[in-house]
Amino acid sequence: IDLNADLFGQILTSPLLNASGVHCQTKEELNDLAHTSNLGAMVTKSATLQARAGNPNPRYYDLKNGSINSMGLPNLGYDFYLDYVLQEQTKPTILSVAALSAADAITLLKDLQASDYQGPTELNLSCPNIVGEPQLAYDFEATDRVLKEVFSFYTKPLGVKLPPYFDLVHFDKIAAVLNKYPLTHVNTINSVGNGLWVDIEQEQVVTKAKGGFGGLGGTMVLPTALANVRALRQRLHDSIKVLGTGGVTSGEDVFAHILCGADLVSVGTQVMKEGLSVYDRLAEELQAIMAHKGYQSLADFRGKLKEL
Ligand SMILES: O=C(O)c1[nH]c(=O)[nH]c(=O)c1Cl
């Protein structure tokens with residue numbers, strides 16, 4: 001049995017990645033990922049043109065069924081992550097980038113186009129935690145405008161990180177936009193935006209920014225993540241890969257994401273709960289499921305979810 005997967009031409013021995021934002025902000029964290037077994041590829045924290053401190057603490061809170069975060073896009077800045085990915089990579093790496101405005105996104109990607117970096121990049125269109133900023137990918141026309149301008153000059157591998165959608169017509173609309181562009185992949189889902197958790201004993205919220213509203217992750221978002229992977233796989237051109245993110249806590253969840261069509265699967269909240277050893281456990285559990293079912297490779301069952 002092999003867990004081999006393909007990352008834009010690079011063969012990975014595991015389909016598992018870290019979710020951008022989790023354990024991938026500092027050089028130490030990135031080096032940890034580079035040495036994590038059964039992590040097939042790694043993704044950097046979304047980088048902005050200028051370094052950012054992010055939102056005030058508390059900004060991450062663990063819940064029994066997941067997590068809530070309002071980090072506020074803290075990162076060491078685009079130059080740091082560009083330097084990192086230009087170094088010799090021990091593990092295939094996706095550079096994640098974000099911007100607080102369409103203009104900044106264009107500026108950053110023009111610099112990236114002119115740089116020596118030839119690897120995969122993921123444009124985050126879905127951060128829910130910037131005070132006063134909407135999640136861009138909920139505005140289909142704005143997303144179309146940004147991608148139209150980006151692909152007027154950008155010729156290197158580029159994918160997008162999407163927020164969850166909750167309406168089949170919205171799946172149709174975003175897929176109609178994305179299918180117009182030579183994207184390498186979509187990564188779905190980002191956290192479920194603007195959830196709220198209440199501390200009953202203290203009678204207060206648990207994160208500081210935005211009055212306690214923050215992005216939800218972990219097992220509670222698995223059905224939404226599976227729906228978005230499935231719906232986008234059904235609608236996007238085969239040339240656009242689907243990276244499934246959201247709600248993975250077990251090998252069964254990885255299996256479900258792949259059954260829905262995911263080429264690769266990211267894990268975020270469960271890394272915060274369990275540590276980087278979670279990748280060994282997930283790989284082992286996935287192999288056991290495949291053995292039990294008689295599957296030799298991920299391609300044997302990828303996208304083969306049956307309807308009734
Ligand atoms: O608050 C964050 O940094 C953050 N948090 C998320 O849950 N998703 C994102 O894309 C980002 Cl950029």
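Every number for a ligand or one of its atoms is a count from 1 in the order of the listing.
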I'd like to know if [X] contacts ligand 1, where contact means a heavy-atom distance under 4.0 Å to any ligand atom.
X    : value
K161 : no
G215 : no
S20  : no
G72  : yes
P128 : yes

Check this for me - ligand 1, [X], N or O atoms closer than 3.5 angstrom, yes or no?
X    : result
S126 : no
N190 : yes
S70  : no

Ligand 1 contact on [X] by region, counting heavy-atom pairs under 4.0 Å:
X    : answer
N55  : neither
S46  : neither
Q25  : neither
I130 : neither

Should the ring pair H185 and F8 be called parallel, tilted or perpendicular, given that the plane angle runs from 0 to 90° and is split at 30 and 60?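 The rings of H185 and F8 sit tilted, inter-plane angle from 30° to 60°.
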Hey, which atoms in ligand 1 end up nearer than 4.0 Å to a heavy atom of [X]?
X    : result
N124 : 9 (C), 10 (O), 12 (Cl)
P74  : 3 (O)
L73  : 1 (O), 2 (C), 3 (O), 12 (Cl)
M71  : 1 (O), 2 (C), 3 (O)

Less than 6.0 angstrom separating the ring centers of H170 and Y138, yes or no?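 No, ring centres 6.0 Å or more apart.
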Does CZ belonging to F213 count more than 12 external heavy atoms closer than 6.0 Å?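 At most 12 heavy atoms, drawn from other residues, nucleotides or ligands, come within 6.0 Å of this atom.
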What residue among L123, T48, L49, T121 forms side chain to side chain contact (heavy atoms under 4.5 Å, CB included) with L108?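 Result for side chain to side chain contact (heavy atoms under 4.5 Å, CB included) with L108: L49.
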Between the side chains of K45 and E29, is the shortest nitrogen-to-carboxylate-oxygen separation below 4.0 Å, so that they form an ion pair?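 No.
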Among all protein heavy atoms, pick out the one at the shortest distance from atom 12 (Cl) of ligand 1; state its residue, atom name and that distance to 0.1 Å.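 Looking only at protein heavy atoms, the one closest to atom 12 (Cl) of ligand 1 is C127 SG, 3.0 Å.
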Taking side chain as C-beta onward, heavy atoms only, is [X] less than 4.5 Å from [Y]?
X    : Y    : result
R145 : E149 : no
V254 : E285 : no
R59  : N69  : no
E122 : T184 : no
F153 : L109 : yes

For F151 and K180: C-alpha separation, side-chain torsions, deciding distance, then whether side chain to side chain contact (heavy atoms under 4.5 Å, CB included) applies. CA-CA 10 Å; F151 283 106; K180 293 163 60 177; over 6 Å; no
